[in-house]
Protein chains: 2
Amino acid sequence: MHDGGEVVVLRYGHRPGRDDRMTTHVGLTARALGADRVVLPDNAGGPAETIRDITDRFGGPFEVELRADQKAAVRNFGGTVVHLTMYGEPIQTVEASIRETHRRPSADLLVVVGGEKVPWELYERADFNVAVTNQPHSEVAGLAVLLDRLFQGAELDREWVDADRRVVPMATGKRVVDA
Amino acid sequence: MHDGGEVVVLRYGHRPGRDDRMTTHVGLTARALGADRVVLPDNAGGPAETIRDITDRFGGPFEVELRADQKAAVRNFGGTVVHLTMYGEPIQTVEASIRETHRRPSADLLVVVGGEKVPWELYERADFNVAVTNQPHSEVAGLAVLLDRLFQGAELDREWVDADRRVVPMATGKRVVDA
């Protein structure tokens, strides 16, 4: 849906059971708000299945990948790394630079969303450590604001391919039709 | 932080244990992104305590309220009711109307974030049923995008009062100082 390279969201760390819902929401938010792919730790098989199931029903393209070595995935990523952290620079001061980086031809972007404790080397590898406010809140909220600002709202008009069903927007009520 | 009336976020429904983290993230997102108050069901005492604790440490003003009757709270709200739902009208088509409504003097706004099944009367009571995409994703992500668009980014520059500590934005690293 975008001009530049691929946008990948990587969920750093996952505790099975305890983090299932948050990790699922990270993946579904990535899909709904314009990312191309989510990379989850390989112990997040449950969330991966849920996200794939939603993609089967509501459309894609969107990929879910399970990877054992998250550190290597970040370290070896061949593009710009954006790390979401409440300790980073304000999104309103760095978003234009991130958008510019991403508009270059085939300039892939990796958005790292912390789960468990994030190692120091990730702060160093990141091209941008970005804070959506320097307040503690939610990695899902931070990801949503980042993607909405990265795509400047264009993600909301995305067309979905190979969906089984489609929600028809309504002022009052619920309507779902076959796609 | 805003010109209009109060902005209140109401979390509709809560299952203790299972929803604790999501409800906490709804409240913390409301606080971080410019709302004045969050209303939680009265069985969400744990999340309420966490959100109050963050407010004590990182500043306010921000209020957490527990209410037994969520239906009555919505029905009797003396202002505009915005209901976040994937079945609603696209945010990009209604956001200007919502902002305009809220800019009137003392025009309070209630943002309802669904948890368990939301009753039909809530769709009818809502002045705006709003979808942040018509895709299934996360109520926390939807709330974040709605608040960021309602305040048009002004929430990111909010000053906090009575904080114990403050995060200093850094390009690389973590720095927290006494406030």
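Quick note on labels: first sequence line is chain A, next is B, and so on, each numbered from 1. Quick caveat, the model's predicted, so the values are computed rather than measured.
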Review point. Given that the side chain runs from C-beta out, which part of B/Ile91 has a heavy atom under 4.5 Å from chain A: side chain, backbone, both or neither?
Key: side chain
Review point. Does any heavy atom of chain A fall under 4.5 Å from the side chain of B/Ala32, the backbone, both, or neither of them?
Key: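 Interface part for B/Ala32: both.
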Exercise for review: Please flag which part of A/Arg166 lies under 4.5 Å from any non-hydrogen atom of chain B: side chain, backbone, both or neither.
Suggested key: neither
Rounded distance (nearest 0.5 Å) linking atom [atom1] of [X] with atom [atom2] of [Y]:
X        : Y        : atom1 : atom2 : value
A/Gln135 : B/Arg158 : CD    : CZ    : 8.0 Å
A/Met22  : B/His25  : CE    : NE2   : 4.0 Å
B/Asn134 : A/Met170 : CG    : CE    : 11.0 Å

Review point. Below 4.5 Å, heavy atoms only, C-beta onward: do B/Leu33 and A/Val145 meet side chain to side chain?
Key: yes
Check your understanding: Are any of the side-chain heavy atoms of A/Val140 and B/His137 separated by less than 4.5 Å?
Key -> no
Revision key, fill the gap. Among B/Leu28, B/Leu147, B/Val130, B/Val168, the residue with the most heavy-atom pairs under 4.5 Å to chain A is B/Leu28
Review point. Do you know which of B/Pro136, B/Ala141, B/Ala131 has the most heavy-atom pairs with chain A at a distance under 4.5 angstrom?
Key: B/Pro136
Review point. Which residues from residues 54-68 of chain A are near chain B, with near meaning under 4.5 Å between non-hydrogen atoms?
Key: A/Ile54, A/Phe58
Practice item. May I ask you to decide if A/Arg21's main-chain N or O and B/Arg21's side chain share a donor-acceptor pair within less than 3.5 Å? Key: no
Exercise for review: Please identify each residue that fulfils salt bridge (Lys or Arg N to Asp or Glu O under 4.0 Å) with B/Glu95, with sequence neighbours left out.
Suggested key: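 Testing B/Glu95 for salt bridge (Lys or Arg N to Asp or Glu O under 4.0 Å), a comparison that skips the adjacent residues, returns B/Arg99, B/Arg149.
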Point to revise | Winner by heavy-atom pair count (cut-off under 4.5 Å) against chain B, out of A/Thr133, A/Thr24, A/Val94 | key: A/Thr133
Review point. Residues of residues 171-179 of chain B under 4.5 Å from chain A (heavy atom pairs)?
Key: B/Ala171, B/Thr172, B/Gly173, B/Lys174, B/Arg175, B/Val176
Exercise for review: Under 4.5 Å, heavy atom to heavy atom: which of residues 74-87 of chain B reach chain A? Give them by number, or say none.
Suggested key: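 Checking residues 74-87 of chain B against chain A gives B/Met86, B/Tyr87.
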